[in-house]
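All heavy atoms count here, side chains included; hydrogens, waters and symmetry mates do not. Here is the naming used below: chain letters follow the sequence lines, and residue numbers restart at 1 for every chain.
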2 protein chains.
Amino acid sequence: MNYKRELLKGNTDALLLSLLSSQPMYGYQIIKELRKRSHGYFKFREGTLYPALHRLEKSGLIVGNWERLPSEKERRYYKLTEAGRRLLEEQVVEWQGFSTAVNLIMQPASS
Amino acid sequence: MNYKRELLKGNTDALLLSLLSSQPMYGYQIIKELRKRSHGYFKFREGTLYPALHRLEKSGLIVGNWERLPSEKERRYYKLTEAGRRLLEEQVVEWQGFSTAVNLIMQPASS
DNA sequence: ATACAACACCTTGTCATGCGAGGTCTGTTG
DNA sequence: CAACAGACCTCGCATGACAAGGTGTTGTAT
């Protein structure tokens with residue numbers, strides 16, 4: 001039923017790694033950036049994002065550290081590790097293979 | 001971890017509907033066709049396919065009926081319903097939107 | 001002063017679904 | 001006759017998106 005929700009499955013990590021490969025970001029910012037860069041398509045929920053970030057950190061793909069703003073507020077900035085960068089490269093390849101394969105089926109291609 | 005497996009989630013139904021839009025097929029054939037048309041990429045397992053077919057039939061998107069071969073063997077051929085055809089069209093559009101959005105993030109686009 | 005939205009983080013539980021592993025029966029081939 | 005391929009099936013596990021709930025702060029209307 002919820003097609004879009006299921007589509008996202010398996011892509012969250014790659015999207016997050018991709019985003020963080022451009023620069024370190026904190027959670028809330030990631031949500032807004034994903035939304036902006038996808039022209040409004042991706043609207044990540046916090047219940048999706050934060051567990052995903054923790055998962056990635058636990059796997060050693062990103063590292064986060066708290067930064068205290070002048071206002072005493074704190075944010076947790078995440079940046080890619082070397083392992084994260086390597087996995088990202090693999091996942092980009094994987095995504096290309098996958099989307100190519102889907103397009104072979106979805107479009108009434110000649111073949 | 002299992003990236004490819006998760007990628008498939010949410011796409012199974014659209015792939016099946018797409019396949020069946022070209023012609024009615026039975027389960028085993030679908031597995032082989034998907035494999036062939038995707039140049040070996042999609043290797044559906046029976047534990048994925050049969051539940052999916054039952055799901056789709058229950059939702060009225062496909063209908064299956066048994067056909068008896070001369071050899072007394074039976075196969076269950078599935079074909080798209082009108083509702084299935086409509087949903088397929090929606091899902092193709094959805095897939096295009098999704099993959100476009102992913103590519104916006106995954107590729108270090110200018111924008 | 002007092003709401004109320006936005007920022008910024010978090011967790012718990014529910015639901016969907018891919019698929020590994022198991023099963024059945026038939027037909028064909030060595 | 002054994003062994004494999006065709007053809008169907010189900011059960012249970014693991015994964016992951018996210019709704020719904022929570023905390024505390026800052027900024028902006030009323």
Base C:dT17 paired with B:K9 side chain (donor-acceptor, <3.5 Å): yes

Nucleotide of D:dC9, C:dG18, D:dA7 approaching B:T12 most closely (side-chain heavy atoms): C:dG18

Gap between atoms CG and C1', on B:L49 and D:dC9 respectively (whole Å): 11 Å

Sugar-phosphate only, base, or nothing, as touched by A:E46 at under 4.0 Å among non-hydrogen atoms: base

Carboxylate-amine/guanidinium contact B:K9 A:E6, below 4.0 Å: no

Per A:H54 side chain, nearest of listed nucleotides C:dG20, D:dC9, C:dC10: C:dC10

Sugar-phosphate only, base, or nothing, as touched by A:F44 at under 4.0 Å among non-hydrogen atoms: nothing

Mutual orientation of the aromatic rings belonging to B:F44 and B:F42 [parallel < 30°, tilted 30-60°, perpendicular > 60°]: perpendicular

Proximal nucleotide (of D:dG6, D:dC8, D:dA17) relative to the B:K73 side chain: D:dG6

Upstream residue (5' side of DNA chain C) when A:E6 and A:R76 are each assigned their closest nucleotide: A:R76

Among C:dC19, C:dC10, D:dA17, the nucleotide that comes nearest once only the side chain of B:L8 is considered: C:dC19

Face-on cation placement of B:K4 at B:Y41 ring, 6.0 Å and 45° thresholds: yes

Per A:P51 side chain, nearest of listed nucleotides D:dA7, C:dT11, D:dA17: C:dT11

Check ion pair B:K73-B:E67 (N to O, under 4.0 angstrom): no

d(CD, A:E67; P, C:dC9) in whole Å: 11 Å

Touch class at under 4.0 angstrom, heavy-atom based, for A:R5 against every strand present: base

Nucleotide C:dT26, atom P - distance to CZ of B:R68 in whole Å: 12 Å

Most 5' of A:Y28 and B:N11 on DNA chain C, judged by nearest nucleotide: A:Y28

